Amino acid sequence: MRLSQYFLPLLRENPAEAQIVSHRLMLRAGMIRQSSAGIYSWLPLGLRVLAKVEQIVREEQDRSGAQEILMPTIQPADLWRESGRYDDYGAEMLRIRDRHERDMLYGPTNEEVVTAIVRDAVRSYRDLPKNLYHIQWKFRDEVRPRFGVMRGREFLMKDAYSFDIDQAGAKHSYNKMMVAYLRTFARMGLKAIPMRADTGPIGGDLSHEFQILADTGESEVYCDKAWLDADVLAADVDYDSDLEPFYREWTSRYAATDEMHDAATCPVPATELVTARGIEVGHIFYFGAKYSKPMGALASLADGSTVPLEMGSYGIGVSRLVGALIEANHDDSGIIWPEAVAPFRVGLVNLRAGDAKCVAAADDAYSKLRAAGAEVLYEDRDDSPGAKFATMDLLGLPWQLIVGPRGVAAGTLEVKNRRSGERQNLPAEAALNRLIA
RNA sequence: CGGGGCGUGGCGCAGUCUGGUAGCGCACCUGCUUUGGGAGCAGGAUGUCGGAGGUUCAAAUCCUCUCGCCCCGACCA
């Protein structure tokens with residue numbers, strides 16, 4: 001993509017309303033614009049990242065055996081009256097009335113809708129287990145939205161719902177999601193740690209929240225130092241095998257949020273304990289028959305008797321993750337995207353837009369990189385070199401390929417790694433090969 | 001929802017106390033010069049001062065009401 005043609009409204013100064021770094025950088029880098037409090041439009045650059053995050057989430061859900069569906073944002077109030085949550089949920093739920101005076105709502109979550117679907121379709125233990133997920137916009141009318149997309153009112157969330165015939169099956173479904181979540185966050189270059197959590201308003205008796213570590217995280221977390229070296233992608237997990245050993249391994253190390261941590265009883269010695277800031281990006285729950293029972297989602301067993309389905313639900317804050325990724329990956333100059341979620345892999349910079357030789361060299365690099373399938377943002381505008389460098393650092397693409405008069409004269413291009421800051425002058429061919437690899 | 005703050009050109013702000021022709025920096029447009037870390041000079045365009053009502057000869061400025069946004073707290077993917 002040529003920057004001269006791209007819709008990328010950059011801000012040189014920090015907008016007054018943005019306090020935390022990810023919010024500031026997302027606005028400055030032209031990723032989002034606020035529409036109203038806690039509600040944002042996603043501009044081309046931001047949408048690319050959102051789509052990449054979403055796709056990683058999708059791939060890992062699919063890999064675990066979950067199946068994608070798409071449920072509505074607007075839901076009928078009657079379903080929520082069945083579960084009893086219509087009155088329980090409070091002002092956070094955005095209530096709407098349609099032209100026929102029917103009570104509707106903008107869904108803050110989808111337990112009721114999915115349970116109704118499954119209740120009408122599933123009759124027998126033979127139809128189970130099932131795990132259905134969707135990636136859909138939700139709305140929670142937060143009293144005080146803040147932190148940009150990290151705590152908006154409208155947000156994109158992946159939520160999965162598992163249905164099993166018994167508790168053992170439900171635990172296996174839970175374990176699958178535990179594994180899928182660990183893999184999902186690891187693929188984005190994040191260190192995500194499952195922590196035993198309160199089950200809150202969703203209820204149930206088994207729950208973990210996934211906290212990623214970032215200096216600017218909103219809550220304090222404590223964990224065993226061993227977490228920092230853990231590599232969840234090392235193991236190639238067979239989702240059909242017994243996942244209990246895996247579950248035990250990943251929940252045995254100490255990890256606790258502020259509320260759950262007590263220095264006096266902490267089993268990890270102080271020298272082995274890491275204190276850090278965390279951002280919650282996922283939450284998994286097992287809650288048994290909390291919804292299936294009142295809503296009548298039942299299945300027959302082999303002996304002819306009928307039982308309510310055993311359920312769990314599993315959320316990942318997809319839009320929040322974009323903010324969280326920046327909180328975990330930035331410096332004073334701007335964003336530093338992990339490769340897996342970078343909006344473009346390479347920022348190609350022509351330092352002299354008016355110079356025929358530089359233009360020819362940059363155009364050539366652009367077409368070769370694209371032909372090789374690399375995602376390239378091509379800075380082809382006429383601007384001062386300093387401004388171009390500052391823009392590239394702000395955008396945070398993993399690699400910068402710099403074409404300038406000095407290099408062109410010598411037949412070299414400069415490759416810069418955004419994260420390390422390392423620069424290298426290489427013959428043009430070698431530079432391109434480095435970025436294509 | 002309790003407490004606090006802010007709405008002035010695209011962005012950041014001054015001007016409000018003490019009423020008197022709406023300003024600055026950046027960005028933007030034109031031209032020339034420049035070109036390896038946010039260039040220089042010259043010229044130019046851009047405002048219902050959040051909105052409504054009131055006081056006054058006169059309101060960005062004073063009064064009343066209202067809308068929006070932000071921060072701290074309580075609450076949450």
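So you know, we letter chains A, B, ... as the sequences are listed, proteins then strands, and number each from 1. Quick caveat, the model's predicted, so the values are computed rather than measured.
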Interatomic distance at [atom1], [N] relative to [M], whole Å:
{"N": "B:G54", "M": "B:C69", "atom1": "P", "answer": "28 Å"}
{"N": "B:A52", "M": "B:C28", "atom1": "P", "answer": "33 Å"}
{"N": "B:C13", "M": "B:C29", "atom1": "P", "answer": "24 Å"}
{"N": "B:U61", "M": "B:A42", "atom1": "C1'", "answer": "36 Å"}
{"N": "B:G10", "M": "B:U48", "atom1": "P", "answer": "8 Å"}
{"N": "B:U16", "M": "B:U56", "atom1": "P", "answer": "24 Å"}

* Under 4.0 Å from any atom of RNA chain B, heavy atoms only: list the residues of residues 342-356 of chain A that qualify, in numerical order. => A:Leu351, A:Arg352
* To do: Please list residues of residues 321-330 of chain A whose heavy atoms come under 4.0 Å from any atom in RNA chain B, ordered by number; otherwise none.
  => none
Pairing check on [N]: which nucleotide meets the Watson-Crick or G-U wobble criteria with it, both distances under 3.5 Å?
{"N": "B:U21", "answer": "none"}
{"N": "B:C26", "answer": "B:G10"}
{"N": "B:C69", "answer": "B:G5"}
{"N": "B:A59", "answer": "none"}
{"N": "B:U48", "answer": "none"}

* Taking atom types as they are modelled, is there a donor-acceptor pair under 3.5 Å from the base of B:G12 to the side chain of A:Arg28? -> no
* For A:Val143, does its backbone N or O pair with a side-chain atom of A:Arg153 as donor and acceptor, under 3.5 Å? -> no
* To do: Would you mind building the protein contact string for nucleotides 68-75 of chain B? One character per nucleotide, 5' to 3', B for base within reach (heavy atoms under 4.0 Å), S for sugar-phosphate only, - for untouched.
  => -SSBBBBB
* Asked: Atom CG of A:Leu401 to atom P of B:G36: distance rounded to whole Å?
  -> 18 Å
* Between A:Val408 and A:Leu11, just flag the one whose closest nucleotide in RNA chain B comes earlier from the 5' side. => A:Leu11
* A:Thr391 has a side chain; which of B:G36, B:G38, B:A77 sits nearest to it? -> B:G38
* For A:Phe155 and B:A77, are the ring centres under 5.5 Å apart with planes inclined under 30°? -> yes
* **A:Asp103 bridged to A:Arg95 by N-O distance under 4.0 Å** => no
* Salt-bridge criterion met for A:Glu59 and A:Arg63 (N-O under 4.0 Å) -> no
* Asked: Which residue pairs pass the side-chain hydrogen bond (donor to acceptor under 3.5 Å, both in side chains) test with at least one member in residues 6-15 of chain A, sequence neighbours excluded?
  -> none
* Asked: Can you tell me if A:Asp164 and A:His172 form a side-chain donor-acceptor pair at under 3.5 Å?
  -> no
* Is it the case that A:Arg2 places NZ or CZ above or below the six-membered ring of A:Tyr378, under 6.0 angstrom from the centre and within 45 degrees of the axis? -> no
* To do: Check salt bridge (charged side-chain N to carboxylate O under 4.0 Å, His left out) between A:Glu154 and all other residues, then give those that pass, not counting sequence neighbours.
  => none
* Using the test salt bridge (charged side-chain N to carboxylate O under 4.0 Å, His left out), find all partners of A:Asp383 that sit at least two apart in sequence or belong to another chain. => none
* To do: Assign A:Pro108 to base, sugar-phosphate, or nothing according to its heavy-atom contacts below 4.0 angstrom with the strands shown.
  => nothing
